[in-house]
Structures are given as C-alpha cells and as structure tokens.
Amino acid sequence: MAKEMIIVLDFGGQYNQLIARRVRENNVYCEILPYTASLEEIRALSPKGIIFTGGPNSVYDPESPHYSKDIFELGIPILGICYGSQLMAWALGGVVETAPVSEYGHTDTCLDVNSPLFEGCSEKTSVWMSHTDYIARTPEGFNIIAHTPVCPVAAMEFPDKKLYATQFHPEVLHTAEGKTILRNFVKNICACEGEWKMESFIESAVQELREAIGDKRVILGLSGGVDSSVAAALLSKAVGKQLTCVFVDHGLMRKNEGDEVQRIFTQRFDMEFVRVNCQEHFLQALKDVVDPEQKRKIIGTEFYRVFWDEIKKLQEDGLSYFAQGTIYPDRIESGKGKNKKSAVIKTHHNMVEQPKDVQFLGTIEPLKDLFKDEVRAVGELLGLPRDLVWRQPFPGPGLGVRVIGAITAEKVSLLQDADWILRDEMSKNGYESQLSQFFCVLPGVNTVGVMGDFRTYSDLIVIRAVTTDDFMTADWARIPYDILAKVSGRITNEMKGRVNRVVYDITSKPPATVEWE
Ligand code: XMP
C-alpha cells in the first residue's frame, strides 16, 4: 500500500516492534521480516532502508542467525543495531569478540556529530546499552563515529555504501537522542519523505476495500473491542449497507455496554447491525460450572456456536466476504521462530478455527498492517467515540471470569452495578488514563457487617487495578486512598443490602494474574 518502506530484519531481539513503531512515527511505513526472509523477498519490496535488529546471540556462534553478505551489495542503506551492528562488522571482515566489560543500561557516549546519523545530536549523550560482545575492529572502509570509556566502537559508518551501525539501542526511550538518530537514518540517509499518514491510509484502504468487495456483502464479528470496532467503522465508510456486523451479546458485558455498542453503530454508521441477545443461553450452559477453565471453554464454544449459526442464516441467500479486526502485531512472525512452547495459564478464546460448513468468498483484514496506536488514530479519525477507541482490554469471556465460581443472572447484575460505580468514580476523578486496567470482581463470599443496629450478611466486592506495559507482568495500581474511599463508600451505600464490604487487591502479576480466573 505504501510506496516508501523500511524493513526491520528481525534477529530475535526484544525491541523489534518498537523499532518499527519508531520508524512509523516518522510517517514512514515499516514492516518486520524474520531473518529467514530471502534476498529476493527483500528486493521485491524495494525498501528504502533496512534495519538489522538486536538479538540474544553471539555472531561467531555457528548456530546464531546470520544473513547473506550480498545484502550489503544491494545499494540499500542499512542500520545495524546491537547484534545487528556486530553482524555487519563480522560479515564484512571486522572482529567481534567478548567485551572485557559488558555494558548494561544508561551509558555516557561520545558521538561524532559530523556523521549524518548523528546530525543534530549532542557530542556527549546518554545511550542504552545491553551487550556482552563488542566490535573490537571495524571492517575496512568503516569510520568509528561513537565510543564509550569501555566500548571502542559504539557506532560505525561507511557513508559511501550507506552502511551504519550502533552498538546501543536508539529505539528505546532511555537513549536520550534515539528518536533523532532514527529520524536521521530514515529521513536523511534513506531519503524517505514521510507519506505514511492515517488520513491517507483511510483514503487508500477505503478505495481498496471497495475494489475487493465489489457489490458483495461483507460480514464482521463485532465485539465492541477496539480492533473490531475500528474495522467496522472503516468498512462502513467503504461499503455502507453492504457491511453486516454481527454482535453476539452473551450478557456478560459491563453494565449497559451492549446497548452502548448498538447505539454507536446503528446511529453513527451506515451498516446492517445484527445483535444476538443470548444471556439466557449462556447462563444455562454455565449453570453450576465452577472450574475457571471449564467456564472459559464453555463461553468460547457457545460464543462461536451462536456466531457461526447466525452467519449461516445470513448467508442463506449467497456467500459473503468475512472481515476480521486482525492487527499487525497479531501476525508478525518473529525471528525467534514459531516453535516457542509455553504453558497454558488461561485459554483465550479469541483465535478460532472456521468450521468446515461455513464458507466465505474470502477474508478481509483491513487493519492487518497497523499497530494498536495507529488503529486508535484511525478510529478517532473515523468518528468513533474516544472512550471506545481508548477502551481498556476486556476479556472475551467477560464478567464470566470476574464472577468467581458458578454464574447466575443476579451475580452478574450485582457485579455490573459495582463495576459501574468504580468506573464512574475513576472517570469523575480523571484517574482512568493513569491505569492500564481496572474493574470489580465478585468472589461470591458473604461477610458479616453492621447497618444501624442490625447485623448484615452480604456480598464482598474486590477492586482490581493494574499498571503495565504489556500485561505479561503488571503492578497493582497505587490509587489514592481518597478515591478508593469514595468508591467503597458509594458501593456500600448505593448497593445497600447487596454489598457490605469492599477490598482492594494488592497483588502484582506474577504471582497473581490480572483477572481472578
Ligand atoms: P491475565 O489474567 O492473563 O490477563 O493476567 C492479562 C490480560 O488479558 C486479558 N484477558 C483476556 N483477553 N480473552 C481476552 O481477549 C481472554 O480470554 C482473556 N483473559 C484475560 C485480561 O483482561 C488482561 O488485560
């Protein structure tokens, strides 16, 4: 879609998506390819520049990821970062060895600001280092353009061949002038103009969707989450009433959320909207089920049973296209390979297989090239409300994993009411944006309380709130006591007779998980 492209060649480092994000911040489209991508594949994409990522290996280890030397002869500018810099040095005849002193973290570095890579930077700056090997001798033709007290080649260049390398990580924010360095590479060295803007993305995506869909119908499963909502808005702009959104409401959404989703999409957007209300069906399927994994499996299975049944009905008069809100991070093939094994902690039901008896004309993924923040920007440009676009993650099984133990309609409604008060108070105090996620949990425990002269015996509500970058680990949020006091006061007052105690979960992940089930 974009004419200008930078390729990030992934050698297994941990910041690879970050590099791509930083490049895109310069309005230049960027794709991540595994280091196993062939030279022909790279050439076919005509990139204006290539960035080699970091990686955990040593270049002189025969098992470590390498790349054909021919890549340096393409005439395309290359920036090697960390492992990528060592790979460049080693492949072109330099010497890489174990550094006498490893560097990790903030490191004072001297830059040669005459290099186009460091244009506009300070001569002395702080960079982020993380290495045990280093370039002991540069290959022929290279100049050293940065050093630290213990690293003689913190950066090198061969301007005639447009080859550049940094031992440090310009992509992380700890590198004080990292953004300038990457911008210099993308704009000055690769001569990119910066045409990747979300306004033009929408324009060309609409055009392409119209061509792909023609006069056919396209069906999208709408969950009310960010990705499917933005996909719906974009498809609506492209094909209007040819789009049918199927919204399966399992009755385990937050208070009023189902109605809100329906209101937004039916009032603001041109489309066919099918809402399948099936709380009864789910409650029946979940009756007396206590085991969290079993609950997740039932909710996942039933959800898709209802969904595919609805799609079969819709397709009785002819096949349609199937749209999905897949985004770029969902489909990046990492340089670490695909065979990483990990234990199943919780079954997420987002990824499903299409049943054999459901056919489509084809699959359409209008957001497949966008990062999450780009998806949000597109959503805002298309007129989706801010609170939907910036919505916190919400688990597929919904409140089903926040009502602990067996689920009933009463318990769901009690939890919805308490959770609504928490959200209302957070929003009134402007505290929402400080947290990654917050919600209430109903553990299904009654405790003794006192009201006036009487003993009470009612439900306990838990508040859970976390801050995190990636949800793999999370810290419990230090919400000010005053706000917690207000929430607790409101829940116990407004829910008199139903809740008589509120507690705050002060456990991080690990050892806990964010959700309780
Ligand atoms: P845990 O509880 O695993 O949650 O620490 C991490 C993040 O994932 C969300 N979550 C889910 N999201 N389907 C989803 O789409 C699920 O089944 C699911 N379970 C947990 C959770 O809300 C948190 O943001």
Side-chain angles (χ1 to χ4, degrees), residues 220-231 247-255 257-258 261 282 285-286 289 291-307 324-331 342-353 367 372-373 375-376 387-405 407 412 415-416 418-419 422-423 426 432-443 462-477 504-517:
L220 173 81
L222 186 69
S223 68
V226 181
D227 304 342
S228 65
S229 295
V230 175
F247 171 49
V248 176
D249 186 352
H250 50 26
L252 300 168
M253 308 274 283
R254 287 168 287 206
K255 187 168 175 168
E257 201 165 37
V261 170
F282 276 82
L286 288 162
V289 181
D291 177 63
E293 265 308 280
Q294 219 189 330
K295 279 162 72 174
R296 280 176 171 272
K297 291 222 167 87
I298 292 172
I299 298 172
T301 311
E302 289 310 313
F303 184 91
Y304 283 101
R305 196 196 306 269
V306 173
F307 182 65
Q324 283 182 304
T326 318
I327 68 170
Y328 191 47
D330 297 336
R331 62 181 190 90
S342 58
V344 174
I345 309 291
K346 295 175 188 183
T347 314
H348 285 206
H349 76 242
N350 311 39
M351 308 295 272
V352 280
E353 273 188 33
L367 309 177
K372 193 83 176 189
D373 47 353
V375 171
R376 291 197 162 108
D387 53 343
L388 198 159
V389 167
W390 289 96
R391 214 178 92 126
Q392 298 175 4
F394 187 63
L399 301 186
V401 290
R402 294 181 182 169
V403 169
I404 309 308
I407 301 171
V412 171
L415 179 58
Q416 282 175 332
D419 189 69
L422 172 69
R423 286 193 288 140
M426 288 294 178
E432 270 170 325
S433 55
Q434 319 252 348
L435 305 175
S436 308
Q437 201 174 4
F438 59 88
F439 52 86
C440 287
V441 178
L442 182 67
V462 177
I463 299 173
R464 177 70 164 148
V466 294
T467 52
T468 171
D469 287 333
D470 56 8
F471 291 93
M472 304 292 284
T473 60
D475 198 7
W476 63 275
Y504 189 39
D505 180 349
I506 50 166
T507 335
S508 294
K509 172 184 180 176
T513 50
V514 175
E515 303 288 347
W516 272 40
E517 283 195 336

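Quick note: numbers below take in every heavy atom, side chains included, and nothing from hydrogens, waters or symmetry partners. Atoms within each ligand, like the ligands themselves, are counted from 1 in listed order.
The closest approach between Arg296 and ligand 1 falls below 4.0 Å for a heavy atom of the residue.
A donor-acceptor pair under 3.5 Å is absent between the side-chain atoms of Arg423 and the main chain of Glu432, judged by distance alone. Although no hydrogens or angles enter the test, the distance criterion places no donor-acceptor pair under 3.5 Å between the side chain of Lys372 and the main chain of Tyr328.
Here's the thing with Phe471: none of its N/O atoms is less than 3.5 angstrom from an N/O atom of ligand 1. Not a single N or O atom of Pro397, backbone or side chain, sits closer than 3.5 Å to an N or O atom of ligand 1. Of the N or O atoms in Gln437, one or more lie within a sub-3.5 Å distance of an N or O in ligand 1.
Ion pairing between Arg464 and Asp505 holds under the 4.0 Å rule for side-chain N and carboxylate O.
Screening Val403, Val441, Leu442 against Trp516 for a side-chain contact (heavy atoms from CB on, under 4.5 Å) leaves a single residue, Val441.
Using a 3.5 Å distance cut-off with no hydrogens or angles, the side chains of Thr468 and Ser436 do not pair a donor with an acceptor.
With ligand atoms numbered from 1 in the order given, ligand 1 contributes 1 (P), 2 (O), 5 (O) to contacts under 4.0 Å with heavy atoms of Thr513. Heavy-atom contacts of Pro393 reach the following atoms of ligand 1: 24 (O) (cutoff under 4.0 Å).
Ring geometry for Phe307 against Tyr304 counts as perpendicular: the plane angle is over 60°, on a 0 to 90° scale with 30° as the lower cut.
Residue-level proximity to ligand 1 for Lys509 is carried by the side chain, the only part with a heavy atom below 4.0 angstrom.
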